[in-house]
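Everything numeric here is computed off the predicted structure, so don't read it as measured data. By convention in this document, chain letters (A, B, ...) are assigned in the order of the sequence lines, proteins followed by strands, and residues within each chain are numbered from 1.
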There are 2 protein chains.
Amino acid sequence: MLSTVSAVTDQRSAQPEPGPTGTALRLMLAAAEAFADKGFHATTTRDIASRAGLSPAGVYVHFASKELLLYQLSKDGHETALSVLQVAAEQADGPREALAEMVRRFTTWHAEHFTVARIVQYEFQHLTPEHRAEIVTLRKRIEGAVHSVIEDGVAAGEFEVADVATTTLAVLSLAIDVARWFAPGKRRTPEAIGDAYADLALRLVAAH
Amino acid sequence: MLSTVSAVTDQRSAQPEPGPTGTALRLMLAAAEAFADKGFHATTTRDIASRAGLSPAGVYVHFASKELLLYQLSKDGHETALSVLQVAAEQADGPREALAEMVRRFTTWHAEHFTVARIVQYEFQHLTPEHRAEIVTLRKRIEGAVHSVIEDGVAAGEFEVADVATTTLAVLSLAIDVARWFAPGKRRTPEAIGDAYADLALRLVAAH
DNA sequence: GTCTATACCTTGATAGAC
DNA sequence: GTCTATCAAGGTATAGAC
């Protein structure tokens, strides 16, 4: 059910068939808002239930625990974030275009879906050790995608960086931190922020 | 008691006279570790008490509530962070040196004091509305300090940026996000990260 | 200033009727 | 699948002895 929640948040796509049924989806959206707003531990199952229009007990028909709700959201969000990077990398021509497009779309995603993005970046530490381990694997692939394109750019003589690992972290920080400060109603749109940050990323790698 | 907690964490300074007494200080250090590790709401007063070697009731002799403990830590941390920026700005000669020195020290602080920095950047939303409002004022001054130096650099013809506000956010994101990913025992020292990020900030503003 | 004991409340989760 | 009712556990904070 990759990006089911994101897709619904988008209000772009007609209802696809698989994944959570209507009520489960409503619960995930309710939980996403609550977790992003107050954090996992400050959110009560009663809060989630009432946001979704259910009684406190109604949650447990669809999710066995509050942690499982977080896990589904976190996994879904990480998979979507990784997919955003991969699609951008595939479609672009050369490291320079690839990095710009990856940062543009990754940043835009963090702003547009800042509730899920906040859960992805700041709440995964509250998962069980087993679930956290699974998510950490996805996080390494996200970091690896950015690391690769910078490495390619250096090898091709298009980028000049002092240290690939440090620059990778810096580029990721730019986009990730958007989930912390972004709020709807900001002057700049998610797309404008993505455009600006793509340029800034090219400066970080001293692209020719 | 500006930076009392940071100073003790440093193990650099001999005991100064004002501020919290020994036990209150131990409680603040215990709370800082716990809040940074698990977040405010996941931390129990029992946890804080036991880390400080006290009974659960012992906390309330020194702090009237758990929130007040967070408030003291947050205020102390924000004042120190602001002071780091101000000292760097005063000592430097010209916008280029000022920006580099501010980012160097601000970043190093976020790594070296990553427990307090994490509370500063990610836990202040759990303060009471009154306390949060006070902290927001400090946060605006922090953002203003970076905004000013970039504006000065542009005015002096030393920097070239598309938008001062966006670049300010990006520079701050670089340093702030260090508090999220830094962990003791990392290959790079706080100082090395600060040095690298000072260079990256100069790239972001296209310093001549 | 610190302790033991505990009040009082909210929490995550379950039982069982419909 | 949803509800009402409820449980056991653990939360913040206080009372009162020492």
Listed by chain and number, what are the side-chain contact (heavy atoms from CB on, under 4.5 Å) partners of B/Val149, not counting sequence neighbours?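 With sequence neighbours excluded, B/Val149 shows a side-chain contact (heavy atoms from CB on, under 4.5 Å) to B/Ala98, B/Leu99, B/Met102, given in chain and number order.
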[atom1] of [X] versus [atom2] of [N]: gap in Å, rounded?
{"X": "A/Phe63", "N": "C/dT14", "atom1": "CZ", "atom2": "P", "result": "15 Å"}
{"X": "B/Lys66", "N": "C/dC9", "atom1": "NZ", "atom2": "C1'", "result": "14 Å"}
{"X": "B/Leu54", "N": "C/dT4", "atom1": "CG", "atom2": "P", "result": "11 Å"}
{"X": "B/Leu27", "N": "D/dA13", "atom1": "CG", "atom2": "P", "result": "14 Å"}
{"X": "B/Leu25", "N": "C/dG1", "atom1": "CG", "atom2": "C1'", "result": "17 Å"}

Given D/dA13, C/dC3, D/dT2, the nucleotide with the shortest approach to the side chain of B/Ala57: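 Of all the options, the side chain of B/Ala57 is nearest to C/dC3.
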Of the nucleotides C/dT2, C/dG12, D/dC3, which has the atom closest to the B/His62 side chain?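 Among C/dT2, C/dG12, D/dC3, the one nearest the side chain of B/His62 is C/dT2.
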Please work out whether the ring planes of B/Trp181 and B/Tyr197 are parallel, tilted or perpendicular, with thresholds of 30° and 60°.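 Geometry flag for B/Tyr197 against B/Trp181: tilted rings.
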Would you call the rings of A/Phe106 and A/His110 parallel, tilted or perpendicular, taking 30° and 60° as the class edges?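 Because their plane-to-plane angle is over 60°, the rings of A/Phe106 and A/His110 count as perpendicular.
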Using a strict heavy-atom distance below 4.0 Å, which residues from residues 41-51 of chain A are in contact with DNA chain D?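 Heavy-atom contacts with DNA chain D come from A/Arg46.
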With a 4.0 Å cutoff (strictly under), does any side-chain N or O of A/Tyr60 reach OP1 or OP2 of C/dA13?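 Checking A/Tyr60 against C/dA13: at least one side-chain N or O falls below 4.0 Å of OP1 or OP2.
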Please confirm whether the shortest side-chain N or O distance from B/Thr23 to OP1 or OP2 of C/dT2 is below 4.0 Å.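 It does, given that an N or O in the side chain of B/Thr23 lies less than 4.0 Å from OP1 or OP2 of C/dT2.
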Charged N to carboxylate O under 4.0 angstrom, B/Glu101 versus B/Arg104?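 Salt bridge present between B/Glu101 and B/Arg104.
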Taking the basic N atoms (NZ, or NE/NH1/NH2) and the acidic carboxylate oxygens, is any pair closer than 4.0 Å for B/Asp47 and B/Arg51?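 A salt bridge is present here (some side-chain N lies under 4.0 Å from a carboxylate O).
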Without swapping roles, check the side chain of B/Glu123 against the backbone of B/Phe40 for a donor-acceptor pair under 3.5 Å.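 Yes, the answer is positive, given that a donor and an acceptor are paired below the 3.5 Å cut-off.
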